[in-house]
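First comes the structure, then the notes that go with it.
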Protein chains: 2
Amino acid sequence: MARRGEFQLIADLFAPLAAGEAGALGLTDDAAVLDLAAGRKLVVTADAIVEGVHFLPDDPPDLIARKLVRVNLSDLAAMGAVPRALILTCAWPAHRDDAWIERFVGGLRDDVQAFAVPVVGGDTVSTPGPATFTVTALGTVPAESGGLTRRAAAAGCKLAVTGTIGDAALGLLVAQGEVEVATDADRDALVDRYRLPRPRVGVGPRLLGLADACIDISDGLIQDLGHICAASGVGGEIEQHRVPLSDAARRLVEVRPDLWQTVLSGGDDYELLCAYREEREDAVLAAAAAEGVPLTPIGRLRRGEGVRVLGYDGHPLQIAKGGFSHF
Amino acid sequence: MARRGEFQLIADLFAPLAAGEAGALGLTDDAAVLDLAAGRKLVVTADAIVEGVHFLPDDPPDLIARKLVRVNLSDLAAMGAVPRALILTCAWPAHRDDAWIERFVGGLRDDVQAFAVPVVGGDTVSTPGPATFTVTALGTVPAESGGLTRRAAAAGCKLAVTGTIGDAALGLLVAQGEVEVATDADRDALVDRYRLPRPRVGVGPRLLGLADACIDISDGLIQDLGHICAASGVGGEIEQHRVPLSDAARRLVEVRPDLWQTVLSGGDDYELLCAYREEREDAVLAAAAAEGVPLTPIGRLRRGEGVRVLGYDGHPLQIAKGGFSHF
């Protein structure tokens, strides 16, 4: 198998991902030097993914790269941050040849362009184990803001989510052949949501100063609402009938109501869940609408602790599984 | 084997590494929110290390962690940057139990304190492969500076290095039993330099505005000088007799002159190599002296390209191996 050396790989494939960012120094120096716009604070997040754990050996390499970028951009969005730069480290196993690496980098390139965020540095090493990638994403918020955290919500706040919930978790089951869907279109719609998150990079920064708390739904709606509740010292209550479903998901749960558990506690939605004071609801809805993103009120925070889901009959559902813990 | 879950691991072991940095949000949020001091630019670097490639399974876990931190701090120093924060991602194999992880984190804690730089975020995942760690290090330089790059040196600049050269590469050979040393003290001195780099975090920022180019010696003196030469479009010439050696290294090359090649082209010194105009030599030497660090002039940049080493007889040496490529 043909394989470029480390320096050649960086020069040929990664340096173009830094184009337009002079401070990346063409990825040839010890570090990048970045200007933040005046009056901004830095927001930093990171994710690691491992072949066989977070993606499968046969997954398309471009989608692996794009998902990794998007998961990080979703974390920035949840903090209300505008993306500024990405740092990528890659541990490549010997069995991945140049063609695979080029497809991986092609996916990166697509999203570097789509989200207008350069790769400004990183590291490239070999590994005897599975391919392992990390992205550290840098973003900014106005200096007068502390960012949109999980901890500043209060009892009485309303809860709302962007987009639709559960598609990605259902899509995974469909892709694995564990669930049948009626049409190819529904199948594709769900699997696509699993494969390629749509981080709400436009909505997050608009919620700064409007929402009191925000999180991106990566571990599942119930578990991530639980994170806001724990951090803010409150309980949460959502109404099942208000949880927004895509058409494909709705058709599926109509015939398989047991899959509601997947919808409510499955992960990988990468929608935003925010808590805000009721008097700000119009402004919060308008902020999402300005980005063309649906935002749906689904419940409230209340005194106490824990998360309760009221079913269609108004009684609390029993949720067997709170979500997904990665470790 | 007892193993904490992901959230417990973060709360118990990693959150204390964020102590004193309110913007780390106790490592419980989607991202950290950091103030940069007014009038500073951000400097970003990253390194990944893999068990079996960059460290051995039996290496002490605290030293693995400290080396990873220090390699990154060395890159910041080479840019003239003051450390600001670390982001750590860990992929742990199942055979590493809590005791190993605690020792790893203990090493981190030592260096977080020694260098006064908090861990503000990261990720923790499991892997079926070798332990894999990455650190992204954030630092700052004054906004009016572009940082200390490799590319701004010119023919005529003098070259100088901090500390002593070759100890770490000799220490690796000694640790592997490939080279005999006369005394235990010499053995310990060399092996210690291999195990635990001393990044020149104090000197780097003091060279800003004085040196024209700088790099930390990680790939070996000759190869890293070659990086400055290539980036600045010049050639480099160093004089063997000026290259500063530790007492232990000097005693070793006296009986094994063939090991000069290891000294000149071995890696892992993590000393700084800088290029500066001759009229600034007093100021450059004073900057290092203010940190109590020896800085030794070893040669010059000249028109042309490539790196030449003049031996004790004044004639160029033949260097068989330019250094070490990681990939």
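Note that the structure is a prediction, hence the values are computed from the model and not measured. So that the names make sense, note that chain A is the first sequence line, chain B the second, and so on, each numbered from 1.
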Check each atom of [X] against the heavy atoms of chain A and say whether the ones under 4.5 Å are side chain, backbone, both or neither.
X	value
B/D216	both
B/V43	both
B/C214	backbone

Side chain / backbone / both / neither for [X] at chain B, heavy atoms under 4.5 Å:
X	result
A/A48	both
A/I215	both
A/T134	side chain
A/V141	side chain
A/T132	side chain
A/T136	side chain

**Message:** Does A/V44 form a side chain to side chain contact (heavy atoms under 4.5 Å, CB included) with B/L138? I'd like the steps, not just the answer.
**Reply:** CA-CA 10 Å; A/V44 189; B/L138 306 179; 3.8 Å; yes
Greatest number of non-hydrogen atom pairs under 4.5 angstrom with chain A, of B/G147, B/A91, B/P128, falls to B/P128
Drop me the distance from [X]'s [atom1] to [Y]'s [atom2], to the nearest 0.5 angstrom.
X	Y	atom1	atom2	value
B/T28	A/R150	OG1	CZ	6.5 Å
B/I87	A/T45	CD1	OG1	9.5 Å
B/D224	A/D30	CG	CG	8.0 Å
B/I49	A/T89	CD1	OG1	11.0 Å
A/R40	B/L36	CZ	CG	12.5 Å
A/L42	B/L34	CG	CG	5.5 Å

If you tally heavy-atom pairs under 4.5 Å between each of A/G52, A/A230, A/G129, A/A31 and chain B, the highest tally belongs to A/A31
*Exam field: side chain A/R151 to backbone B/L25, donor-acceptor pair closer than 3.5 Å*: yes
Note: B/P130 and A/T127 closest approach over all heavy atoms is CG-OG1, 3.6 Å
